[in-house]
Amino acid sequence: MAILKPRTLSGFMELLPAPQQQMERIMEVLRQTYSLYGFTPLDTPIIEASEVLLAKGGGETEKQIYRFSKGDADLSLRFDLTVPLAKYVAMHYSELSFPFRRFQIGKVYRGERAQRGRFREFYQADIDIIGDGSLAPINDAEIPAIIYKVFSTLGLKRFQIRVNNRKILNGFYAMLGLSELSGDVMRTVDKLDKIGADMVRSILVDDYSVPEEKADEILKFIAISGGSETILQALEGYRGRNSLFDEGLDELSLVVKYLRAFGVPAENFVVDLTIARGLDYYTGTVYETTLLDHPEVGSVCSGGRYDNLAEYYTEKQLPGVGTSIGLTRLFYVLGEQGMLNPDLPTAPTDVLILPMTEDLAPAVSFATLLRENGVRAQLHCEEKKFKAKISYADKLCIPYVVFLGEDEIQAGIVACKDMSTGEQTKLDPAATVYRIKAGLAEKNKGSVILE
RNA sequence: GUGGGUGUAGUUCAAUUGGUAGAGCACCGGAUUGUGGUUCCGGCUGUCGUGGGUUCGAGUCCCAUCACCCACCCCA
């Protein structure tokens, strides 16, 4: 029979056991942190009816979505978790209590060209708050505050949550009489960091026929920088010329105020007038989080406020605000930068038990004793050389190896080796368990996921 | 979708002007039969991405194709 060469599609991340453990650990932090803020876990299908996912129609989504048919059904893989949430909320409206706060960690799919830090299958870790009819502006501040909490709990320090408000942008472009072009202009301006002010100006003027003096106005506007307070003050100078703008400015001021109240340090958030975010359902506050040392991989977390999440599925007005961590991308960057703490235990078990007698019963009993005490234990009963079994423990970084031979069983003790020091103890089973537990507690002390 | 690059053992890569393929790592075995990580010795592996062409002869040149990577687009 011919051997087929195994392969994994490009843009799909497949991890070895140890890094997978790291990934799971990060997810666990996310779940716990989200729960801490009153968010409930949610899961929705990876596959949905195409009509549901493409309700909005057109645009990039349609080009990038994985779509296929099975029999008569027209199906698609979800490309984010927000659209399925909209469907979910509209569908279960009467059974949910609002404001509805849910988190969801799941894989999403985008049929685009894979690249460094850009995947076709990746995890998003979303949190959203959906209101019934209205949703207080403080929620716009709480979302980034949670992201701050998540990132700092992971041990990450060099990150910045950038905040902006679409009403400010749309209001500003309306002042200039450029409402029609605001989408194109925003997309161009969004590239400021990458291509520079001159380039932005020439694209505006040459490609979108923005009058030169207006292009200069735009450049002057997006050049506003400094601390959040400075920027807000500068924006006050534009007040009174457009009601949408004023509304946006009020919201942004409130977000800044409450972010401070939530305890987010000034160095981790900034008002940035250039960010706009692609997904066009955002209507107010928008967020984008970047790793300061790795801006080139782009945003690792972004989101914002949408006035009417579920407009395609219900008549009800359901405003929401939320954000999505690009977990796969984040993990990829952290791994590439060697920031995943190598001292964190990634072993699949704490104790490897090597029975050396025909009768395996004593080893099984000891494994049971360990497990009853909450210690992860594994028996290695295969026909392998003794050496190979120790080497197995070594490769998997299993901290303890227990030997159970005739001598030990006769004496009613177990021999336990600490793999990191090489020390070996011979104590009775209960004492050994106690010792292992103490040792594990010591080894895990103060370990952070990132360093 | 557009533009550029690359494709050689499990992996990272090497092979002079075209003459029928090598190294590190990994893996397996050994250094007295119940003790790993270091060291030493030994061993295994390839349809040189695929198909065609030029040539006495191609991993090395040409064409096609596929795959992967990078940039743009867009985005987590």
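Heavy-atom basis, side chains included; hydrogens, waters and symmetry copies ignored.
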Distance in angstrom units between A:Met186 CE and B:C74 P, rounded: 14 Å

Spacing of A:Asp190 atom CG relative to B:A76 atom C1', expressed in whole Å: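 Between C1' of B:A76 and CG of A:Asp190: 14 Å.
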
Verdict with reasoning, A:Asp428 to A:Tyr434, per side chain to side chain donor-acceptor pair (under 3.5 Å): CA-CA 10 Å; A:Asp428 67 77; A:Tyr434 179 79; over 6 Å; no

Starting the side chain at C-beta, find the nucleotide from [options] nearest to [X].
X	options	answer
A:Gln115	B:U35, B:A76, B:C70	B:C70
A:Arg120	B:A76, B:C70, B:C68	B:C68
A:Arg116	B:C74, B:C70, B:C75	B:C70
A:Gln64	B:A76, B:C74, B:U35	B:C74
A:Ala114	B:C70, B:G36, B:C69	B:C69

Nucleic acid footprint by protein, nucleotides 1-7 of chain B - heavy-atom cut-off 4.0 Å, B for base, S for sugar-phosphate alone: BB-----

For atom [atom1], what is the distance between [N] and [M], given to the nearest Å?
N	M	atom1	result
B:U47	B:G10	P	7 Å
B:C61	B:U16	P	10 Å
B:U20	B:G30	C1'	35 Å
B:C48	B:A67	C1'	16 Å
B:A21	B:U65	C1'	25 Å
B:C73	B:A15	P	36 Å
B:G37	B:C27	P	11 Å

Pair A:Lys426 + A:Glu408, salt bridge at N-O below 4.0 Å: yes

Members of residues 378-415 of chain A that approach RNA chain B, where some heavy atom sits under 4.0 Å away: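 The answer is A:Lys385, A:Phe386, A:Lys387, A:Ile390, A:Ser391, A:Asp394, A:Lys395, A:Phe403, A:Gly405, A:Glu406, A:Asp407, A:Glu408.
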
[N] phosphate, OP1 or OP2: any side-chain N/O from [X] under 4.0 angstrom?
X	N	value
A:Lys191	B:C73	yes
A:Ser302	B:A76	yes
A:Ser10	B:C69	yes

Pair A:Phe221 + A:Phe172: ring centers closer than 6.0 Å: yes

Under 5.5 Å and under 30°: A:Phe122 stacked on B:A76: yes

Which pairs would a plain distance check flag for residues 348-363 of chain A, meaning a side-chain donor or acceptor within less than 3.5 Å of a matching protein atom at least two apart in sequence or in another chain?
unit_1, atom_1, unit_2, atom_2, d
A:Thr349, OG1, A:Val351, O, 3.4
A:Thr349, OG1, A:Arg376, O, 3.1
A:Thr349, OG1, A:Ala377, N, 3.3
A:Asp350, OD1, A:Arg376, NE, 3.4
A:Asp350, OD1, A:Arg376, NH2, 2.9
A:Asp350, OD2, A:Arg376, N, 3.3
A:Asp350, OD2, A:Arg376, NE, 3.3
A:Thr357, OG1, A:Asp359, O, 2.8
A:Asp359, OD1, A:Ala361, N, 3.0

